[in-house]
Amino acid sequence: MYTEHNIEELFEKYSDMVYRIAISYGNQVQFAEDVVQEVFLRFLNKMPQFENSQHEKAWFIRVTINCCKSMVSSAWMKRTQPLKETGQAVFMPQHEDYNNICEIMAKLPPKYRTVLYLRYYEEYQVKEIAKILRITPNLVSARLSRARKIMKQEIIEERKGFRNETRII
């Protein structure tokens, strides 16, 4: 059974990861905050027992993705519009290129953002991602490939636009 201390430790351990996945899925601070709250409410209601730390982390990722999908497809979300930005930073840009990559990644459909996040931020292997998302490894590889291709094209187009702007000036 979990104690209050254990629950606080789990929150400290996984809340940032849950938040980042939700941001990558919904592109809104409020959406991500709602998902974090929902994931930990589900944890508190279910109080699952985990086999090991890998199982624990996979559970939080899977529940986060399920919450994101549920919230995006809910009737409530379809009838709401995001609030104007309140000045809260979604990502803390460390470098201009990093900020550009985050912006480009935010434009991708959620299915591509999710596999990119799990692969490059959480450093899961293709087979592990497939197991977490409950899809085939081939589909994970295809989504990664398509996502990289789309991002590469966006970067090329962005650089072309930048070159054209500098010629005009």
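The two residues Cys68 and Ala22 come nearest to each other via the heavy atoms SG-CA, 3.8 Å. Trp59 and Arg42 make their closest contact through CH2-C, 4.3 Å (heavy atoms, listed as atom of the first residue, atom of the second, distance). Glu128 and Gln54 make their closest contact through OE2-NE2, 4.2 Å (heavy atoms, listed as atom of the first residue, atom of the second, distance). Listed here is the closest heavy atom pair of Thr136 and Ala130: C-CB, 3.8 Å. Across Glu9 and His5, no two heavy atoms sit closer than the pair OE2-NE2, 2.6 Å. Looking at every heavy atom in both residues, Glu56 comes nearest to Tyr14 through OE1-OH, 2.6 Å.
Interatomic distance, CD of Gln37 versus OG of Ser15, reported as 13.0 Å (0.5 Å rounding). If you take CD on Glu122 and CD1 on Ile61, they are separated by 5.5 Å, rounding to the nearest 0.5 Å. Between atom OH of residue Tyr117 and atom CG of residue Leu108 there is a gap of 15.5 Å, rounded to the nearest 0.5 Å. Atom CG of Leu139 sits about 15.0 Å away from atom CZ of Arg134, to the nearest 0.5 Å.
Follow the hydrophobic side-chain contacts under 4.5 Å out from Leu116 and you reach Tyr121 in the same cluster. Under the 4.5 Å side-chain heavy-atom criterion for ILVMFWY residues, no single connected hydrophobic cluster contains both Leu41 and Val18. Note: the hydrophobic cluster containing Met17 also contains Phe50 (ILVMFWY, side chain heavy atoms under 4.5 Å, direct or indirect links). By the rule that hydrophobic residues join a cluster once side-chain heavy atoms approach within less than 4.5 Å of another member, Val36 and Val72 end up as members of one cluster.
With a 4.5 Å cut-off on side-chain heavy atoms, Tyr120 and Leu144 count as touching. Side-chain contact check for Leu118 versus Leu133: some heavy-atom pair is nearer than 4.5 Å. Counting heavy atoms from C-beta on, the side chains of Met151 and Lys107 never come closer than 4.5 Å. Inter-residue side-chain proximity for Arg143 and Ile135 is flagged as met; some heavy-atom pair is nearer than 4.5 Å. Counting heavy atoms from C-beta outward, Tyr25 and Thr114 have side chains that approach closer than 4.5 Å.
Counting non-hydrogen atoms of other residues, nucleotides and ligands closer than 6.0 Å to NZ of Lys13 gives a total above 12. No more than 12 heavy atoms of other residues, nucleotides or ligands sit less than 6.0 Å from atom NZ of Lys131.
Side-chain N or O atoms of Arg119 include one that pairs as donor or acceptor with a backbone N or O of Tyr124 at under 3.5 Å. Listed for the Glu157 side chain is no donor-acceptor partner under 3.5 Å among the backbone atoms of Glu154. Checked by atom type and distance alone, the side chain of Ser141 pairs as donor or acceptor with a backbone atom of Pro137 at under 3.5 Å. Panel note: side chain Arg62, backbone Ile132; a donor-acceptor pair is recorded below 3.5 Å. At distances below 3.5 Å, not a single donor-acceptor pair connects side-chain atoms of Asn6 with backbone N or O atoms of Tyr2.
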*Mind running side chain to side chain contact (heavy atoms under 4.5 Å, CB included) on Val35 and Tyr19 for me, showing each step along the way?*
CA-CA 7 Å; Val35 170; Tyr19 181 83; over 6 Å; no

*Output, in order, the C-alpha distance, side-chain angles, deciding distance and verdict of side chain to side chain contact (heavy atoms under 4.5 Å, CB included) for Ile7 and Met47.*
CA-CA 10 Å; Ile7 294 169; Met47 292 290 205; 3.7 Å; yes

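The aromatic rings of Phe60 and Phe40 are tilted relative to each other, their planes meeting at an angle between 30° and 60°.
Donor-acceptor pairing under 3.5 Å is lacking for the side chains of Tyr112 and Arg148.
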